[in-house]
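Small disclaimer: the values here were computed from a predicted structure and weren't measured. Residue numbers begin at 1 in each chain, while the letters A, B, ... track the order of the sequences.
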Amino acid sequence: MNIDIILTHALVTALHEVYEADIDSSSIQIQETRKEFEGDKTIVVFPYVKIARKSPEQTATEIGNYLQEHVSEIESFNVVKGFLNLSISPAYWIQNLQQSLSKGEQYGFTAVSSDSQTIMVEYSSPNTNKPLHLGHIRNNLLGYALAQILSANGYRVIKANLINDRGIHICKSMLAWKLFGNNETPESSGLKGDHLIGKYYVLFDKKHKKQIQELISQGSSEEHAKNDAPLMQAAREMLVKWESGDAETVSLWKTMNEWVYKGFNETYSRMGVSFDKMYYESQTYLLGKKIILDGLDKGILYKKEDGSVWADLTKEGLDHKLLLRPDGTSVYMTQDIGTAVERFREFGNMKELIYVVGNEQNYHFQVLSIILSKLGYEWAEKIYHMSYGMVELPAGKMKSREGTVVDADDLMEEMKETATTISNDLGKLESLTVNEKEQTFEMIAQAALKYFILKVEPRKTMMFNPKESIDFNGNTGPFIQYTHARICSVLRKADEQGITIPATFLVSTYSEKERELIKMIAKYQEIISLAGKEHAPSHIANYTYDLVKAFNQFYHECSILNEEDSAIQQFRLGLSKQVATIIASAMKLLGINVPERM
RNA sequence: GGUCCCAUAGCUCAGCUGGAUAGAGCAUCUCCCUUCUAAGGAGAGGGUCUCAGGUUCGAAUCCUGAUGGGAUCACCA
């Protein structure tokens, strides 16, 4: 049983027996003892001083005496001011390690069972008019990692992608291609499909701006110039044609979308993310209208003179929100209401519907949840917006229309080149085949990028410094991979020498570093649970880093294969193996692979 | 202007539901490869946790206000 739970129960009993006080166990906190002090677990007794009517020191001593007498896992205790430090017996920790080893790769995970609840995670959700960039990378990595973590917490997870494949922005790319493209294709240009489309999106913007300037120089206001520019008018006409199902337009749209999807799939596959369910906005954009009209009938929403339909959110401290245009067409919010309803209809009583979307849409999701609950859907509160901050560059902001973005494909390629250079300089992979080397370089590059982004708390705006991200020392993905490779090397040698890890260790004590490591291992499940509850993959990343640091210290101080006492040798080997298992497991939750050699 | 988010070492970031002397990495300066992978380890310097109040035995953490930065308040998505 978990030591914290044992101690919590024991403390409740102790307070009852010694002071005749009844304390709710949920109010009790057991914390780690700080490194400067002796002990493993600490109970802060200040809250019980009033009950005891004694000094903090006396209270701590009395509780300590009671606990030591009644809890076999407690070996000794010491008191510093109001802090009761408990030393847990090696026997407990060693047994704990044996148990975790026996669980193998499943250690720390809660299995998905028939009565597991369902959670949908929508992420990525790209536009089909340009390639993926750095911001999308953060989105994809967060979404995928979150799905993995929730799954490790025992939820049935559906990874969903809603592709924004319609609207004026798509028409811009289409129009530019039609006018200036000379029937260029991914094959003829050698460009990835999404990059080809992105090229024409940028081109549209460039030409459009030129037209605006011309109009302004002819005396137009900027507002008017933007709207009156011939290119803009043509794009709007194209959208109308598309909506009316014009065969030629739809056919071009289909062709160009196929190019983009092919490009996206390459990027997704290289990033290692995947989806269980695809939604296309061209198929969902008409949803929600009925629901809105229903709400209008019930008097929850209201209609303006021009025929548009609105929600009054002033009671909630917000503005009025448009839901149907005067011509009866839907807006973004309308569709989102429609798709949410559809999803709960299809998947029943989900525990959560999570949207991984940037923080610029905080307001949108706040409004979405309010309107849904106004419309009477009890599950409205189950919508969770996993809001993440922008990724900034040292040079300034990214603007896709101006082409000042860090392109996802370029970035991954650059990372790989760096990984290749560094690895070749170190020269440790000589024994591998060319193919194996390539795979390792890619693995290292991906780890560097993913870890750099995922170690930061999602909500925060983060700084992406390309130079630093490529640094493979310190708190980085490659550092963690390196430790895994080191352990694998030791395990290989142990195997060659015929040293095996027994189910039961024959040691009764251990060194300081071994104790710290064993405690870190014991914490893994708690971290998975925390990361799931807080929807924060960063907890997994930071825990793994701490674990790896603890291992490196142990590795430096304690010899494994050269240890003469075979009981100690086996114990150390077991410890190392479990650390390697957790590294691989934790990194997998973040979508990162770890090599056996590097 | 309203609303929401952020502010911790020179830089990039941790710090769980309030607990002991606030931690890492990078950068700077030392030291450690005849020992299992030195992409490693040990050490030094570097902090009024933006500011001001408040709650508490105790605040980087909770509350209020201010300042600075970001987002948003579209008949775009």
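Scored by the side chain to side chain donor-acceptor pair (under 3.5 Å) test, A:Asp319 finds no partners at all (sequence neighbours excluded). Shown here are the ring-ring contact (aromatic ring centres under 6.0 Å, His included) partners of A:Tyr19, two or more places apart in sequence or in another chain: there are none. Residues meeting the side chain to side chain donor-acceptor pair (under 3.5 Å) test with A:Glu243, sequence neighbours left out: A:Arg166. A:Ile28 is linked by a side chain to side chain contact (heavy atoms under 4.5 Å, CB included) to A:Thr8, A:Leu11, A:Val12, A:Ile23, A:Ile30, A:Tyr48, counting only residues two or more places apart in sequence or in another chain. Taking A:Phe554 as the reference, A:Phe551 meet the ring-ring contact (aromatic ring centres under 6.0 Å, His included) condition, with sequence neighbours excluded.
The base of B:A20 sits with one of its N or O atoms less than 3.5 Å from a complementary donor or acceptor on the side chain of A:Asn85. Side-chain atoms of A:Asn164 and base atoms of B:C76 include no donor and acceptor less than 3.5 Å apart.
On the C1' atoms, B:U3 is 27 Å away from B:C49, given to the nearest whole Å. Comparing the C1' positions of B:U50 and B:U67 gives a spacing of 8 Å, expressed to the nearest Å.
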Protein-nucleic acid N or O pairs under 3.5 Å, nucleotides 6-16 of chain B:
residue, atom, partner, partner atom, Å
B:C6, OP1, A:Arg459, NH1, 2.2
B:A7, OP1, A:Lys460, NZ, 3.1
B:C13, OP1, A:Met463, N, 2.5
B:A14, OP1, A:Glu457, N, 2.6
B:A14, OP2, A:Lys460, NZ, 3.0

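A perpendicular orientation is assigned to the rings of A:Tyr302 and A:His320, their planes being inclined by more than 60° (bins at 30° and 60°).
Distances shorter than 4.0 Å separate some side-chain N or O of A:Gln553 from OP1 or OP2 on B:A42. Of the side-chain N and O atoms in A:Arg166, none sit less than 4.0 angstrom from OP1 or OP2 of B:C76.
Distances from the side chain of A:Glu360 to the nucleotides B:U72, B:U21, B:G40 place B:U72 closest.
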